[in-house]
2 protein chains.
Amino acid sequence: MLTERQRLILNAIVDDYIRSAEPVGSRSISKRGDVGYSPATIRNEMADLEDLGFLEQPHTSAGRIPSHKGYRYYVDHLEPIYQGLPTELRSLRNYFAEKLNASEQVIQHAAMILSHITNYTSILLGPEVFHTSLRHFQLLSLNETTAVAIIVTSTGQVESKTVSVPPGVSVSEMEKVVNLLNSKLVNVPLYKLKTRLYRELGQEMERHLTNFEEMIGILDNIFVDTDTDQRVYLSGATNMLTQPEFKDVEKVKDILDLLEETPTLMKMMAATQGSAGIQVRIGTENDHEAFANCSLITATYSLDGEALGTIGILGPTRMEYARVMSLLGILSKDLTTMLSKLYK
Amino acid sequence: MLTERQRLILNAIVDDYIRSAEPVGSRSISKRGDVGYSPATIRNEMADLEDLGFLEQPHTSAGRIPSHKGYRYYVDHLEPIYQGLPTELRSLRNYFAEKLNASEQVIQHAAMILSHITNYTSILLGPEVFHTSLRHFQLLSLNETTAVAIIVTSTGQVESKTVSVPPGVSVSEMEKVVNLLNSKLVNVPLYKLKTRLYRELGQEMERHLTNFEEMIGILDNIFVDTDTDQRVYLSGATNMLTQPEFKDVEKVKDILDLLEETPTLMKMMAATQGSAGIQVRIGTENDHEAFANCSLITATYSLDGEALGTIGILGPTRMEYARVMSLLGILSKDLTTMLSKLYK
DNA sequence: GTTAGCACTCGACTTAGATGAGTGCTAACC
DNA sequence: GGTTAGCACTCATCTAAGTCGAGTGCTAAC
């Protein structure tokens with residue numbers, strides 16, 4: 001579709017623009033060592049590239065900037081960099097190796113390090129509960145009317161919920177239910193928990209319990225959203241403010257607002273989770289108007305072939321695709337390896 | 001110290017400035033109904049107030065804006081508003097009444113509502129673990145090398161931590177320790193947990209366990225920061241961007257950066273926790289340079305007279321002190337009442 | 001096919017002038 | 001003596017005009 005020379009020039013323009021955030025002129029491309037043509041020749045090719053939709057001109061007498069289509073082409077034809085291990089990743093890798101247990105604070109900290117080394121915003125989607133199974137269930141009464149339910153998953157995540165206990169439900173009854181659940185439902189995937197609970201244990205429970213109805217009410221309350229619970233960790237949102245294209249408060253406001261909405265973030269990250277490898281969504285490819293000038297690069301890490309969580313880096317469309325894609329690639333592989341070692 | 005007329009004028013200026021974010025001139029004060037003097041008279045008083053340090057002039061021919069001292073005086077002499085229940089608070093109150101159990105999501109949601117109705121940034125410091133006591137302890141092994149420790153407090157908070165188990169420590173040994181802890185340390189305040197553990201159970205554990213050293217290592221790891229663990233919930237950070245004084249990205253950047261640092265936030269909020277009632281820290285009274293143009297209003301809620309957590313609203317120094325102070329006052333009382341009902 | 005030259009475009013920056021909100025001071029008024 | 005009207009003065013903000021320069025498109029020559 002594009003000639004080799006066009007590809008070369010487009011590449012040079014995107015590279016330059018990523019670095020400078022200013023429209024790129026023909027002369028500056030010519031002066032770089034790697035494109036051995038005069039400004040005039042490059043100008044001709046630039047005009048063609050603009051006709052083809054790969055470049056845009058902010059105004060008549062300015063240089064060119066890449067269009068979304070231009071970025072897309074650039075990303076799709078990117079050559080992998082980082083043969084060796086980048087020194088910047090070393091700290092993060094060490095950190096994970098040290099604390100293999102993926103507790104909340106560890107993930108939050110990882111998000112922080114990631115946003116620091118990239119200077120972009122990092123979004124981590126924590127291990128998905130969906131595909132993990134029940135390891136242990138417990139119900140602890142705090143006083144006559146309140147109890148805490150605790151669910152531990154096979155990957156060591158702990159979810160808890162405070163529930164109110166209707167009068168008439170005794171501690172011994174709760175114990176019965178807990179024992180029943182622990183003996184029958186351990187190793188059942190969380191997303192099947194609710195159906196299995198009703199189908200297989202309904203009758204048994206009805207037989208053993210005097211306050212069947214109330215008990216079911218409590219359990220309902222506990223398991224109501226175990227099948228969708230997932231956590232997002234955000235760090236470096238303010239890095240958006242350092243990008244020259246967002247020096248106007250109006251423009252960042254919407255972006256930061258969206259970043260504060262955890263459910264939206266979750267949906268956005270989850271949308272990429274289906275396909276393996278590194279995903280790049282450029283500008284309007286993200287289905288949010290606020291992100292029309294942002295790109296999101298994501299990678300998924302997994303356990304036993306099942307996608308567990310997602311790592312994402314959000315930056316302006318003019319972001320360092322090559323570097324970030326390599327980083328995420330290495331990191332997601334690292335995580336996958338470590339997790340499989342941990343829960344083999 | 002100030003004459004009645006000076007107080008009246010200062011009040012009018014602060015009020016106007018809070019509304020408009022523009023320097024206030026003598027004429028506009030005169031035109032408000034409540035100060036019945038001509039611009040000239042007001043100008044004279046304004047000059048005096050500036051000499052006394054209550055007002056400042058951005059430049060020679062501009063109006064006056066309140067100095068930090070001016071805000072301080074205004075706040076200290078503020079008359080309580082909101083005799084009735086403000087309608088804006090109703091939704092929040094209902095929300096709490098519905099879900100008395102103070103789980104994480106509830107607090108996060110409360111922070112969101114609060115930032116929405118105030119249009120400022122809300123910072124909630126979750127129930128402090130420090131003064132709560134141990135309700136239940138549990139250690140669940142996930143595989144040969146990993147286990148999850150779960151601590152439930154008397155207020156129903158659940159803390160968990162993944163720990164690695166050194167080879168040689170058996171499941172039955174862990175059970176022994178768990179039983180020992182549950183029988184001896186229930187109802188001990190968390191901050192005394194570590195010392196009690198070593199002093200009173202050290203010998204007993206040494207007698208019963210074959211891998212005493214390793215076990216101590218694990219427990220150390222679990223309890224290492226139980227005495228300081230507290231959570232902050234932040235919402236509406238982007239509301240800062242809507243304030244005209246922060247329309248320059250440079251100025252907000254530092255503020256938002258600081259808001260992302262949870263430990264700093266925690267320290268800041270915790271600093272106000274000693275004294276009861278509503279605290280107002282104006283400008284440089286917050287010990288962070290980034291907050292030199294911000295004010296923080298906080299209120300503490302408690303259980304049995306012990307401070308449990310803190311609610312805070314952060315805005316520009318030019319913030320609606322009267323309204324926010326009233327809101328927080330009502331809310332903290334509500335929370336205190338509800339908590340005492342819940343855990344009587 | 002490539003390059004040099006040149007007229008042209010247009011945003012960004014600079015300067016000068018006009019505008020108006022607001023002050024400080026003086027003198028008159030009650 | 002406290003209060004107010006009047007007036008000269010200040011200074012940020014806005015506007016218009018002018019300059020600058022980076023960059024283009026086109027043509028003609030290599």
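Chain letters run A, B, ... following the sequence lines, proteins first and then strands; every chain starts at 1.
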- Who does D:dT27 pair with, Watson-Crick or G-U, both distances under 3.5 Å? C:dA4
- Message: Between C1' on C:dG22 and NZ on B:Lys31, what's the gap in Å once rounded to a whole number?
- Response: 12 Å
- Note on the structure: When rounded to whole Å, the CE to C1' distance for the pair A:Met46 and D:dC26 reads 16 Å
- Query: Taking atom C1' of D:dC26 as reference, at what distance in whole Å does atom CG of A:Asp48 sit?
  - Reply: 14 Å
- Is the side chain of B:Glu260 donor-acceptor paired with the backbone N or O of A:Ala237 at a distance under 3.5 Å, no angle test? yes
- Is there a donor-acceptor contact under 3.5 Å from the side chain of A:Thr238 to the main chain of B:Lys253? no
- Specify the residue among B:Glu45 and B:Pro58 whose closest nucleotide of DNA chain D lies further upstream toward the 5′ end. B:Glu45
- Establish whether the base of C:dG22 is bridged to the side chain of B:Arg27 by a donor-acceptor pair shorter than 3.5 Å. no
- Item | B:Thr60 side chain near D:dC11 phosphate (N/O to OP1/OP2, under 4.0 Å) | yes
- What's the NE2-P distance between A:His59 and D:dG23, to the nearest Å? 10 Å
- Selected nucleotide, minimal atom distance to A:Arg43 side chain, candidates C:dG5, C:dG24, D:dT4: C:dG5
- Task: Taking all heavy atoms of A:Tyr74 and all of A:Asp15, pick out the closest pair and write down the distance.
- Result: OH-OD1, 2.8 Å
- Message: For a quick check of understanding: with a heavy-atom distance under 4.0 Å over all strands, which category does A:Thr41 fall into, base, sugar-phosphate or nothing?
- Response: base
- Message: If you go through the side-chain atoms of B:Arg64, does one of them form a donor-acceptor pair with the base of C:dG24 closer than 3.5 Å?
- Response: no
- Query: What is the nucleic acid contact for B:Ala62, judged by heavy atoms within less than 4.0 Å: base, sugar-phosphate only, or nothing?
  - Reply: sugar-phosphate
- Item | A:Ile42 CD1 to C:dG1 P, straight-line distance once rounded to whole Å | 17 Å
- Considering non-hydrogen atoms only, spot the tightest contact between A:Leu258 and A:Leu265 and give its length. O-CG, 4.3 Å
- Task: Report the nucleotide, chosen from C:dG24, D:dT4, D:dC26, that has the shortest atom-to-atom distance to any side-chain atom of B:Asn44.
- Result: D:dT4
- Item | Aromatic plane relationship, B:Tyr71 with B:Tyr321 - under 30° parallel, 30 to 60° tilted, over 60° perpendicular | tilted
- Message: Looking at B:Ser61, I'd like to know whether one of its side-chain N or O atoms comes within less than 4.0 Å of OP1 or OP2 on D:dC11.
- Response: no
- Note on the structure: In whole angstroms, the gap separating C1' of C:dG11 from CD of A:Gln57 amounts to 12 Å
- Tell me whether the OP1 or OP2 atom of C:dT2 has a side-chain N or O from A:Arg5 closer than 4.0 Å. yes
- Over how many whole Å does the gap from B:Tyr17 atom OH to C:dG22 atom P extend? 14 Å
- Item | Side chain of B:Tyr37 - closest among D:dA12, D:dT3, C:dT3 | D:dT3
- Message: In this structure, how many angstroms lie between the P atom of C:dA12 and the CD atom of A:Glu22, rounded?
- Response: 10 Å
